[in-house]
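Right, one structure below, let's go through it.
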Amino acid sequence: MSLSGKFLRPQNRALFNTSPCATIRFRQHGCTHPLTSLQCGATLQSLTNTKSFKQGQQLHAHIIVSGTLEDNTYLSTKIAAFYASCGRMTQAQVLFDGIVLKSSFLWNFMIRGYACNGLGMRSLALYREMLSFGQKTDNFTYPFVLKACGELLLVEIGRRVHCEVVVSGFESDIYVGNSLIAMYVNFDDLALARIVFDRMLDRDLVSWNTMISGYTKHGKAREAFVVFDLMRKAGFNVDGRTLLSLLSACGCIQARNQGREIHGYAVRNSYRIYNKFLNNSLIQMYSDCNSMVDARRLFEGVQLKDTVSWNSMIAGYARNEDAVESLRLFCRMVMEGGRPDEVTVVAVLGACDQITALQFGMVVHSHIVKKGFNENNIVGTSLIDVYSKCGSLACSRNVFDEMPNKNLVSWSAMVSGYGIHGKGREAVSLFHEMVASDITPDEGVVTSVLSACSHAGLVIEGKEIFDRMAKDYNIKPGLAHYSCLVDLLGRAGQLDEAYKLIKTMEVNPTSDIWAALLSACRLHHNVELAEISSQKVFDMNPKAVGSYICLSNIYAAEKRWDDVERVRVMVRRKGFKKPPGCSFTELDNAIHRFLVGDRTHEQTYYIYTKLDDLKQRLKEAGYKPDTSSVYYDVEEEIKEKLLWDHSERLAIAFALINTSPGTTIRITKNLRVCGDCHNVTKFISKLTRRDIIMRDIHRFHHFSDGSCSCGDYW
DNA sequence: TTAGGGTTAG
């Protein structure tokens, strides 16, 4: 039969959201006569189960025209339930409002509809309305009310509903119990989740899975395995979801062998065929366990790669410090028709900031804008990060200013950006602006602002923020904060005060804090304190190779070659190796990498010729090599030659040859830039009239017209 | 006549 929209009452037209002249056809089992109420009910039931919206809507139209709906609470309820299960809450609400005798079934369906479609507040309001109407709740009501509380993180309301569950006697219902566990997991209250779990009289597989995944989600992998053991002892078999949680737990504690066992179990039991998530979870587990070869093998074996598979691989390479492979895979994803989403671009930006791939980052930024991903807060924060870590602080600030809903992490990223660029005053001012905007600081942002003070030598400002931490922001100073303060005082030459602080601080100093003091001793040539602090570092962390090298450098600067040799022997005996100096620069979307003394690049001849030319011109301009940066007891001439092998100079020479005059050069170095390279770069910036932005392991240096933004304070 | 737990990111 066919139905013309002109027969519909205005309120029903609204339900169909269609114009009066639209034609809706309904054919069910080839019938041409009105269906009975029971037939309609049965059909609606099956359409509700399969969420077949179009057919259900046509059946609704058929029921209206046939007159069956008039005063038929049974059918109206069925139709409202159908719309609610399809997430069409506007239509469901219109019908719901028109039903006088509302059953628990109807209320439950409405509460469920709102809770499952991102309208938790509406769901809770309806639950309150249900109670005030005197309608009895049942065991079907609570799972969705608890779901809404959990998703909205409404802790107080959630607890109140829990009380109501107890009072109404549904605590022993297995579904209600499982929903309570899930809600407390969402609240990050694993202790309460566990109490509910332990008190359950009956548990099913979902109870066990919810508890295991709860622990996993909050990084408590060992507890997850304990519950898993209990589950097996209780005679339960795993399903695909159990395996996913366990794999995630393996990744968390880098238990690759255990992960491999689960992988084997899944293959033997054909889980991979049935569970579309399992492959991605396995890829993720291997990448968390730093086993990218295994992750890649799995990834390449999957015929149908979805966005999550690509994302796991791209993020995996970035996390495992293979940013180049991460970017290469992203390009392949685009070429093969993959669909990058917000998660993809965040991972790609993470790879870009590791190797200062600014041009690549900018291409990704334009893709982000085109797709509207910039509305996403995490994406915005990643952009702030990538621009500041690639040396473009102004772009960083633009993104920050345009962010509609800045949160604590966005502010932190910007404060930290100013810090690593040596813009301490801007960082402090932004921090205060953040506090004035009613954003409560956390440990992280205070660490960032203290670090910014340290890079810029803002001793008074840094100490003031440190003193106000507990009082004004209710943050107890932790190790990271003490470390920043030691660094701040030490760099500024207040070594005794820094030493006193370590001896009197409220938490036990770690090797990192002593290492910060040791580093300050190198800057200010204090051998005596260096020996005390290095001994502390070695006692606490015998593998601190950087501190051995730092001590050796301190002796070398004083020309105490016997001591230098003594430290070197210690390092050799322990089998430590200092990572080789390595610099990157980006050209035409490709990353060029240079190791110290590198002669493998195809332009090697031109690079060294350029360096010879620069050396000559620099000397004419008054440059005198500072060989104190060479910690070997060799002839001055050899020391000077060693300096000119440093990787950052090779990268600068390469960039000078391959870019047009006036172009800004950007270099990234894996270690701290040495004193002579810093000086040479200042000279080069003046002689070649180039701005050179160099990122070392600690911070940025902006070289321009013969001087550096750090003001030689670094 | 209705229900609960699963993979990727700052």
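Note that the structure is predicted; figures quoted are calculated from it, not measured. Letters A, B, ... mirror the listed sequences (proteins, then strands); counts begin at 1.
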Is the distance between the ring centroids of Phe82(A) and His60(A) under 6.0 Å?
no
In whole angstrom, what separates Met110(A)'s CE from dT2(B)'s P?
18 Å
For Phe400(A), enumerate each residue passing the ring-ring contact (aromatic ring centres under 6.0 Å, His included) test, keeping only those at least two apart in sequence or located in another chain.
Trp411(A)
Whole-Å gap separating P (dG10(B)) and CE (Met403(A)):
14 Å
Ring centres of Trp107(A) and Phe133(A) under 6.0 Å apart?
yes
Rounded to whole angstroms, how far apart are OH on Tyr114(A) and P on dT2(B)?
21 Å
Whole-Å distance, Tyr317(A) OH to dT8(B) C1', equals 16 Å
Please determine whether side chain to side chain contact (heavy atoms under 4.5 Å, CB included) holds for the pair Arg194(A) and Tyr215(A), giving the CA-CA distance in whole Å, both sets of side-chain angles, and the decisive distance to 0.1 Å.
CA-CA 10 Å; Arg194(A) 185 59 187 264; Tyr215(A) 279 127; 3.1 Å; yes
Check this for me, if you would: do Asp229(A) and Lys233(A) make a salt bridge, where the nitrogen-to-carboxylate-oxygen distance has to be below 4.0 angstrom?
no
d(CG, Asp442(A); C1', dG10(B)) in whole Å:
13 Å
Is Phe140(A) touching bases, backbone alone, or none of the nucleic acid, heavy atoms closer than 4.0 Å?
base
Heavy atoms under 4.0 Å, any strand shown: does Phe144(A) hit a base, just sugar-phosphate, or nothing?
sugar-phosphate
Rounded to whole Å, NZ of Lys217(A) lies from P of dA9(B) at a distance of 14 Å
Rounded distance [0.5 Å steps], CD in Glu300(A) versus CD1 in Ile283(A)
9.5 Å
DNA chain B-proximal residues of residues 404-420 of chain A, any heavy atom under 4.0 Å:
Asn407(A), Val409(A)
Can you tell me the distance, in whole Å, between the CG atom of Asn320(A) and the P atom of dT8(B)?
15 Å
Any donor-acceptor pair under 3.5 Å linking the side chain of Ser388(A) with the backbone of Ser396(A)?
no
To the side chain of Asn280(A), which of dA9(B), dT7(B), dT2(B) is closest?
dT7(B)
Ignoring the backbone of Arg112(A), work out which of dA3(B), dA9(B), dT1(B) is nearest its side chain.
dA3(B)
Expected output is a numbered-order residue list: members of residues 218-251 of chain A with a heavy atom under 4.0 Å from any atom of DNA chain B. What is it?
Asp239(A), Arg241(A), Leu244(A)
Please give, in whole Å, the distance from dT2(B) P to Lys136(A) NZ?
20 Å
Locate the shortest heavy-atom distance separating Phe187(A) from Leu154(A); write the atom from each residue and the value.
CZ-O, 3.4 Å
For residues 170-181 of chain A, which residue pairs pass the salt bridge (Lys or Arg N to Asp or Glu O under 4.0 Å) check, not counting sequence neighbours?
Glu171(A)-Arg199(A)
Candidate pair Val415(A) and Met434(A), rule side chain to side chain contact (heavy atoms under 4.5 Å, CB included), full reasoning
CA-CA 10 Å; Val415(A) 169; Met434(A) 180 193 94; 5.6 Å; no
Lys136(A) side chain near Thr141(A) side chain, heavy-atom distance below 4.5 Å
no
Taking only the side-chain heavy atoms of Asn139(A) (C-beta and beyond), determine which of dT2(B), dT7(B), dA3(B) contains the nearest atom.
dA3(B)
Tell me every residue that passes ring-ring contact (aromatic ring centres under 6.0 Å, His included) with Trp310(A), counting only those two or more places apart in sequence or in another chain.
Phe299(A)
For Leu205(A), which contact category applies under a 4.0 Å heavy-atom criterion: base, sugar-phosphate, or nothing?
base
DNA chain B-proximal residues of residues 376-402 of chain A, any heavy atom under 4.0 Å
Asn376(A), Ile378(A), Thr381(A), Ser382(A), Asp385(A)
